[in-house]
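Please read the structure below before turning to the comments.
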Amino acid sequence: MKYNVDSTMKSLRDNGFNVEYFEDVTMAKKALVNRIKFDDTIGIGGSMTIFDMGLYEDLLEKNNKVYWHWKVEDEDKDSVREKASQARIYITSTNAITEDGLLVNMDGVGNRVASMFYGHEKVYVIAGINKICKNYEAAIDRIRNVAAPKNANRLNLKTPCAISGKCIDCKSSSRICNVEVIIRNVPTGQDITVFLIDEELGY
């Protein structure tokens, strides 16, 4: 598949996003860690991209206060999500980026998508070029039939998509596509930077 990186970056900028391009994960991680201050508090949203980058561990090593519900026991997840929602900086990925500059996401709980556009001084969205989709329809197809089944399997859920690999818009109590958010333009007063990495990362 040919990813239209240049046109996607232009569209994102036209829609108010800051956009930076990196050839690989190592360069992107170094740039991000270097610009975060020692006294910054950081929230992280659920993301295999962030997990695989080892970003959480690098920030802890820098002695930042980092809140990520993936890294705590089940009984502490809600309180850590709350602390993450109040952090100065929020870091996550996105399920899809369209060539006309939309960030398209679906969430099970909603904490990740809410923090992508509200409540933080600065938001970083880290994504591989595999997240680029032609349009909104292609983005939704990617989420339903690529990202959601893989995430459901990762979580050992018994949703139909975890079994068949395809979305049937189920009503399962374990459904992870409960909240859909489209960021068309950067909301007033918000500061969102997209790190686009020339690798295939995450789901």
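Quick note: numbers below take in every heavy atom, side chains included, and nothing from hydrogens, waters or symmetry partners.
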(message) Please determine whether a side-chain nitrogen of the Lys or Arg among Asp24 and Lys29 lies less than 4.0 Å from a carboxylate oxygen of the Asp or Glu.
(response) no
(request) Tell me, with the steps shown, if Asp141 and Lys166 meet salt bridge (Lys or Arg N to Asp or Glu O under 4.0 Å). (result) CA-CA 10 Å; Asp141 182 72; Lys166 296 291 181 182; over 6 Å; no
(message) Would you compute the distance between atom NZ of Lys150 and atom CG of Leu155 and round it to the nearest 0.5 angstrom?
(response) 14.5 Å
(message) Given 3.5 Å as the limit, does a donor-acceptor pair link the side chain of Asn64 with the main chain of Asp40, or not?
(response) yes
(request) Kindly assign one of parallel, tilted or perpendicular to the pair Phe195 and Phe22, based on the angle between their ring planes and the thresholds 30° and 60°. (result) tilted
(message) Assess the residue pair His120 and Ile89 against the criterion (side chain to side chain contact (heavy atoms under 4.5 Å, CB included)); give the C-alpha distance rounded to whole Å, side-chain angles, the decisive distance to 0.1 Å, and a yes or no.
(response) CA-CA 6 Å; His120 305 278; Ile89 293 173; over 6 Å; no
(request) Return yes when atom CD of Glu73 has more than 12 non-hydrogen atoms of other residues, nucleotides or ligands closer than 6.0 Å, and no otherwise. (result) no
(message) Run the side chain to side chain donor-acceptor pair (under 3.5 Å) test against Thr94 and tell me which residues pass, sequence neighbours left out.
(response) Asn105
(request) Please answer whether the main-chain N or O of Ser7 pairs with a side-chain N or O of Glu99 as donor and acceptor at a distance below 3.5 Å. (result) no
(message) Check whether Asn178 reaches the backbone of Gly108 with its side chain - one donor and one acceptor, N or O, closer than 3.5 Å.
(response) yes
(request) Could you please spell out the steps behind the salt bridge (Lys or Arg N to Asp or Glu O under 4.0 Å) verdict for Asp58 and Lys62? (result) CA-CA 6 Å; Asp58 282 6; Lys62 192 173 178 176; over 6 Å; no
(message) Taking Asn95's backbone N and O only, do any of them form a donor-acceptor pair with Arg142's side chain (distance below 3.5 Å, no angle check)?
(response) yes
